> 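Below you'll find the structure I mean.
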Amino acid sequence: MPSPTIVPNWNYDEAVEAEAAEQLRNAMKGFGTDEAVIIECLMKYSTEQRIKIAETFKQAYGQDLIEELKGELGGDFEDTCVAMLTPSRLLDVKELNKSISGAGTDESTLVEIMCSRSNEEIEEIKELYEKEYECSLEDALMGDTGGYFGRLMRALVQGGRDTDDVDYTRVEEDAQKLFDAGAAQLGTEEAEINSILCVRSFDHLLDVFAKYEELSEGTSLEDAIKSETSADLQDGFLSIIQCAKNKQKYFATRLNKAMEGCGTDDSDLIRLIVSRSEIDLGDIKDEFQQLYEKSLEEAIESECGGDYKRMLLALVQGNH
C-alpha cells in the first residue's frame, strides 16, 4: 500500500471546519500575518477538507481564502499554500497550462504529469483543461510540441493504457518489436516504441523489459533508448519505463533534479511535494534516502528557507 504523509483529519466535522476558518482569518486579520498558524492549520487537513474550510471561510467572512492568502503572503510560500487549496487534477491542469504558455515549453513537467497519471486521471485532466481554458488539452499540446515528442504527447493524452493483466502471448512479440525498432537496425523506429510504451499496462511492460534484455544479450531498454534517442523524446520514453518499474523512485529522482545544482526549481518542488503528499510521499522519502544517502528533509533544509521551507517540511513530515 502506498504511504501518504498527509491524511484526512479523522476528527473533522462542521465545528472543526468553522474553527479552522476562524483561525485562518485571525492569522491574516489586522497588521501582519501569523504564518505559523497558517502552516499549522493547512497541514492538519487533506486537500478535500481544506477546500471545505475555504468554502466555510467565504460563507462566514464573504472573502475568498485563496485571494486573501495571495494578498497576505508572497513568493514560494504563497504558491505552496495555493497549491494545497487546489484540487489535485486542477493543479495538474494549471501546471500543464503553465508549461505550454508563453515563450518556450517546460517539457519536463509535461513528461512528468502525462507519463505518471492513470487513464482516469488523464480523462479528468482533459475535462478540466477544456473547462478552464476553452481549448482541448490535445490541441494545446499539439500547438506547443512537435515531431516525435509531439506524437508521444498525443499518444499519452488519449489515456488509453491497457488495464488488463499481463498478456503473456504478446510479451515476446512486443519485446521483439522494440528490439527491431532500435538495437537491431540503423536508426530508430520511434513510432513502434511509442505504440508499445504508451498503450501496454505497466505490469505488462515489466515483463517486456525483461524479455528485451534477453533478446539484446544484457542491454536494458533504458540503455538502448539513451543511445538511440535524445532530448525530450528520450526523457519521455525513460519516464514511462521508470514509472512502470518504480513510480516512487521516479518521483524521488524528480525531486532531486529540482534541487540539484545552482538554484532550485521551486515550481517543480512545490508540485511534487503537494501532489504526492496524500498518495505516496512516505515511500518517495524512503527512495530518496536510498538513492542520495540523505533525507528529503535534509535536502529541503539546505535548499529552501523561511516559511516556505517550514511548510514543505510540514508536508514531508506529515500529520499522522
Side-chain angles (χ1 to χ4, degrees), residues 1-95 121 124 128 131-132 266-267 269-285 296-297 300-301 304-320:
M1 285 289 289
S3 174
T5 56
I6 299 295
V7 298
N9 187 320
W10 304 118
N11 296 320
Y12 189 87
D13 58 21
E14 287 185 5
V16 168
E17 189 174 282
E19 183 184 354
E22 185 179 6
Q23 285 174 339
L24 287 166
R25 182 167 187 268
N26 290 338
M28 294 184 283
K29 191 170 66 174
F31 183 73
T33 305
D34 192 335
E35 287 87 355
V37 169
I38 292 171
I39 293 168
E40 184 186 359
C41 193
L42 292 183
M43 64 85 59
K44 283 197 297 190
Y45 305 100
S46 66
T47 302
E48 186 179 350
Q49 289 172 337
R50 290 180 209 128
I51 291 167
K52 287 180 180 176
I53 290 165
E55 290 168 0
T56 297
F57 187 96
K58 184 179 281 187
Q59 289 165 2
Y61 308 112
Q63 297 166 309
D64 184 284
L65 178 57
I66 288 179
E67 293 306 315
E68 289 300 302
L69 288 167
K70 285 180 177 179
E72 294 288 330
L73 311 178
D76 298 318
F77 180 50
E78 175 195 315
D79 291 343
T80 308
C81 292
V82 171
M84 291 171 70
L85 284 155
T86 305
S88 299
R89 298 290 74 79
L90 184 57
L91 183 60
D92 284 342
V93 162
K94 290 182 180 294
E95 291 289 296
E121 287 168 340
E124 191 178 346
L128 284 170
K131 184 178 176 183
E132 197 78 7
D266 296 293
S267 180
L269 190 57
I270 292 165
R271 179 184 63 258
L272 286 158
I273 288 178
V274 173
S275 67
R276 304 313 296 185
S277 62
E278 293 178 56
I279 303 170
D280 54 3
L281 188 54
D283 302 305
I284 293 167
K285 280 167 58 177
L296 181 54
E297 289 95 327
I300 290 168
E301 281 275 4
C304 307
D307 296 311
Y308 170 48
K309 176 184 75 175
R310 285 186 275 278
M311 181 60 99
L312 291 184
L313 289 174
L315 287 166
V316 169
Q317 289 160 358
N319 63 2
H320 62 99

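Keep in mind it's a predicted model, so treat the numbers as computed, not measured. Residue indices begin at 1 and follow the sequence shown.
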> Ignoring hydrogens, what is the shortest heavy-atom contact between E35 and F77? Give both atom names and the distance.
CG-CE2, 3.6 Å
> Going by heavy atoms in the side chains, are Q23 and N26 under 4.5 Å from each other?
no
> Would you confirm whether R50, through its side chain, and Y45, through its main-chain N or O, come within 3.5 Å as a donor-acceptor pair?
yes
> Just how far is it from atom CE of M28 to atom OG1 of T33, taken to the nearest 0.5 Å?
8.0 Å
> Quick check: do C304 and L312 have side-chain heavy atoms less than 4.5 Å from each other?
yes
> How long is the span from the CD1 atom in I273 to the CG atom in L313, to the nearest 0.5 Å?
8.0 Å
> Nearest heavy-atom pair of P8 and S46: which atoms, and what distance?
CA-CB, 3.9 Å
> Among T80, D266, D79, find the one that has a side-chain hydrogen bond (donor to acceptor under 3.5 Å, both in side chains) with Y308.
D266
> With a sphere of 6.0 Å drawn around NZ of K58, does it hold more than 12 non-hydrogen atoms of other residues, nucleotides or ligands?
no
> Please check this pair: side chain of D307 against backbone of A36, looking for a donor-acceptor N/O pair closer than 3.5 Å.
no
> Any salt bridge between R271 and E95, counting N to O under 4.0 Å?
yes
> For the CD atom of E68 and the OH atom of Y61, what is their distance to the nearest 0.5 Å?
11.5 Å
> Supply the atom-to-atom distance L315 CG to M43 CE, rounded to the nearest 0.5 angstrom.
7.0 Å
> Of the non-hydrogen atoms in A20 and I53, which two are nearest, and what is the gap between them?
CB-CD1, 3.6 Å
> With distance as the sole test, does Q49 use its side chain to make a donor-acceptor pair with the main-chain N or O of N9 at under 3.5 Å?
yes
> Say you draw a straight line from CD of E22 to CD of E19; how long is it, rounded to the nearest 0.5 Å?
7.5 Å
> Donor-acceptor check, side chain of S277 to backbone of T5, threshold 3.5 angstrom: yes or no?
no
> What are the two closest non-hydrogen atoms of K285 and V316, and how far apart are they?
NZ-O, 3.1 Å
> Atom CD of residue position E48 - does it have more than 12 heavy atoms of other residues, nucleotides or ligands inside 6.0 Å?
no
> Under the 3.5 angstrom rule, does the side chain of R276 hit a backbone N or O of I284 as a donor-acceptor pair?
no
> Would K94 and E132 pass as an ion pair if we require N to O under 4.0 Å?
yes
> Please round to the nearest 0.5 Å and tell me the distance separating atom CE of M311 and atom CD1 of I300.
12.5 Å
> Testing the basics here: between A314 and I6, what is the closest heavy-atom pair and its distance to 0.1 Å?
O-CD1, 4.3 Å
> Quick one: does D280's side chain have a donor or acceptor within less than 3.5 Å of a partner on D283's backbone?
no
> Do the side chains of E121 and R89 get close enough for a salt bridge, i.e. N-O under 4.0 angstrom?
yes
> Please give me the minimum heavy-atom distance between I51 and T86, naming the atom from each residue.
CD1-C, 4.4 Å
